[in-house]
**Q** 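Sending over a structure as structure tokens; questions will come in a sec.
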Protein chains: 2
Amino acid sequence: MIRPDSGPPGPDAVEAAHVPMPPSVQAGPMAHAIFRVARLHRALAGQLLRRVGLHPGQELVMMQLWDHGPQRQTDLVRLLGSDAATMTRTIKRLEHAGFVRRRPSPTDKRATIIEPTEASLALRHQVDDIWAELEECTAGEMPEKRQAEAVQVLEEIEASLTLAATRLAQQQTDDPAAPPEGRAGRG
Amino acid sequence: MIRPDSGPPGPDAVEAAHVPMPPSVQAGPMAHAIFRVARLHRALAGQLLRRVGLHPGQELVMMQLWDHGPQRQTDLVRLLGSDAATMTRTIKRLEHAGFVRRRPSPTDKRATIIEPTEASLALRHQVDDIWAELEECTAGEMPEKRQAEAVQVLEEIEASLTLAATRLAQQQTDDPAAPPEGRAGRG
DNA sequence: TGACGTTACCTGCTCGAACAAGTAAATCAG
DNA sequence: CTGATTTACTTGTTCGAGCAGGTAACGTCA
């Protein structure tokens, strides 16, 4: 792997921030930017989704179901890049709210088929509107060309992260050497 | 809207991604991209931070303290764009882990000054390394120029989101008309 | 058929994040 | 000085996310 920058950044990295920008923050300009954009974006999504009574993340499940029809939980997990445990709980809440129904798979007794209810269809266009608004808020004053550029950049980053995550996962299964024993929390 | 698919998918689940790109997902390309990048990035950060016993988010607090020295909780909240309640708990955990100390403000009896402990200094370079690695993983094979472009795009998005969030907050304080009464959860 | 490993799902736990509500101190208005 | 408002922080609750552990159903291979 390349190490374009190891020590405290000199003039490279990011020079834009003329003065204060402390060393630690300056160290990872992309990381920091992603972090903040992510939080803002999620918060905004939460605000908008609140109108229709959904929590961020739930709308993704519903959209997936509306688009692709009934699916097993595992499929939802895989397609949304989520976690089985999280999906179990999210589905449970959506079912409780009446947006989703659960049905045992006829071919696999382990699996559960999730399907959107008729009631959920009323939500669909609202969610679509919300996502359109979210997209507007995200794009701001950007011209369309710039938006396309942004999407491209994001996809590039996604590819990098996916690769890194894969590599790191493999590395950890290969070498379960140092099992971390505790993190900062009630320690 | 359109009803591209209502019944159960033929070849079960999803067989491919090349063609379909469902309407809902297609609707908000940036939103979707941000969502996935955010989750991947956070997950990766979690993996790396796990080595030093920190949870994602905690390192930001520590970096802020290392860079700017002892501060009030409110300052941390404001600078990190976080929430007072979240900060209270995060600080509590960091204190419990021995990375942070709390001291009453001499000038304001309401305030608490947070300062990094000597023990935390051992963490500092590890966290710096982790952020460097995170930045590498995020950047991938991008040339430096492309990275700068990415940062610029992200900052542009951040500005848009900030503006939108501000506008939405104002709009809601002005017009507390329709108080949402319930969301999907244990409904 | 039976042992073994995998898969699909559930439960318990912790943590960050957000909202609501409350306390105490500081600040402002009369 | 008194009363109202703002500020700083705490606590309770819910939700998404992740890890760990457990169960039941599949698949395979001997």
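Each chain gets a letter, A, B and so on, in the order its sequence line appears, and its residues count up from 1.
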**Q** If we ignore hydrogens and angles and just use 3.5 Å, is the side chain of B:R39 paired with the main-chain N or O of A:L80 as donor and acceptor?
**A**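 The answer is yes, because a donor-acceptor pair under 3.5 Å joins these two groups.
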**Q** At under 4.0 Å between heavy atoms, what does B:R102 touch on the DNA or RNA strands: base, sugar-phosphate, or nothing?
**A** sugar-phosphate
**Q** Which of the following nucleotides, C:dA18, D:dC9, C:dC13, is nearest to the side chain of A:R89?
**A**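 Of all the options, the side chain of A:R89 is nearest to C:dC13.
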**Q** Side chains of A:Q58 and A:T90: is there a donor and an acceptor less than 3.5 Å apart?
**A** no
**Q** Pick the nucleotide of DNA chain D nearest each of A:R110 and B:A85; which residue has the one closer to the 5' end?
**A** B:A85
**Q** If you group Ile, Leu, Val, Met, Phe, Trp and Tyr by side-chain heavy-atom gaps below 4.5 Å, do B:L54 and A:L168 land in one group?
**A** yes
**Q** Please confirm whether the shortest side-chain N or O distance from B:Q47 to OP1 or OP2 of D:dC19 is below 4.0 Å.
**A** yes
**Q** Inspect the contact between B:R101 and B:E118 and indicate whether a charged nitrogen and a carboxylate oxygen are less than 4.0 angstrom apart.
**A** yes
**Q** Figure out the CD1/C1' separation between B:I91 and D:dT10, and round it to whole Å.
**A**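 Rounded to whole Å, this separation is 13 Å.
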**Q** Measure from the side chain of B:T88, starting at C-beta and using heavy atoms only, and say which of D:dT11, C:dG16, C:dC9 lies closest.
**A**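 The closest nucleotide is D:dT11.
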**Q** Which listed nucleotide (C:dA8, D:dG18, D:dA25) is nearest to the side chain of A:T86?
**A**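 Looking only at heavy atoms from C-beta outward on A:T86, the closest nucleotide is D:dG18.
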**Q** Side-chain N or O of B:K92 less than 4.0 angstrom from OP1 or OP2 on C:dC15?
**A** no
**Q** Considering only heavy atoms and no angle criterion, is a donor-acceptor pair shorter than 3.5 Å present between the side chain of A:R39 and the base of C:dG16?
**A** no
**Q** To the nearest Å, how far apart are A:D83 CG and D:dG16 P?
**A**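 Distance, rounded to whole Å: 12 Å.
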**Q** Within this structure, what is the CZ-to-P distance between A:R72 and C:dC9, rounded to whole angstrom?
**A** 7 Å
**Q** Respond yes when some side-chain nitrogen or oxygen of A:Q73 is under 4.0 Å from OP1 or OP2 of C:dT7, and no when none is.
**A**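 Checking C:dT7 against A:Q73, no side-chain N or O comes under 4.0 Å of OP1 or OP2.
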**Q** Angle class for the A:H41/B:F35 ring planes (parallel below 30°, perpendicular above 60°, tilted otherwise)?
**A** perpendicular
**Q** Base, sugar-phosphate alone, or nothing: which one does A:T74 contact when heavy atoms must sit under 4.0 Å apart?
**A**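 Touches sugar-phosphate only.
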**Q** Side chain of A:R93: nearest nucleotide among D:dA8, D:dG16, C:dA8?
**A**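 Looking only at heavy atoms from C-beta outward on A:R93, the closest nucleotide is D:dG16.
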**Q** Would you check, one step at a time, whether the test side chain to side chain contact (heavy atoms under 4.5 Å, CB included) holds for B:E59 with B:V52?
**A** CA-CA 10 Å; B:E59 91 282 14; B:V52 296; over 6 Å; no
**Q** Just the rounded figure in Å: distance from P of D:dA8 to CZ of B:R103.
**A** 17 Å
**Q** Between C1' on D:dG18 and CG on B:L44, what's the gap in Å once rounded to a whole number?
**A** 14 Å
**Q** Has A:Q58 got a side-chain N or O lying under 4.0 Å from the OP1 or OP2 atom of D:dC15?
**A** no
**Q** Looking at the side chain of A:S82, which of C:dC19, C:dG16, D:dA17 is the nearest nucleotide?
**A** D:dA17
**Q** Over how many whole Å does the gap from A:D108 atom CG to C:dA8 atom C1' extend?
**A** 7 Å
**Q** Side chain of B:R50, base of C:dT14: donor and acceptor closer than 3.5 Å?
**A**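 Per atom types, no contact qualifies.
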**Q** In whole angstrom, what separates A:L40's CG from C:dA17's P?
**A**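 About 12 Å, once rounded to whole Å.
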**Q** Specify the residue among B:K109 and A:R42 whose closest nucleotide of DNA chain C lies further upstream toward the 5′ end.
**A** A:R42
**Q** Whole Å only: how far is the NE2 atom of A:H41 from the P atom of C:dG16?
**A** 23 Å
**Q** What's A:T112 touching, base or sugar-phosphate or nothing? Going by heavy atoms closer than 4.0 Å.
**A** sugar-phosphate
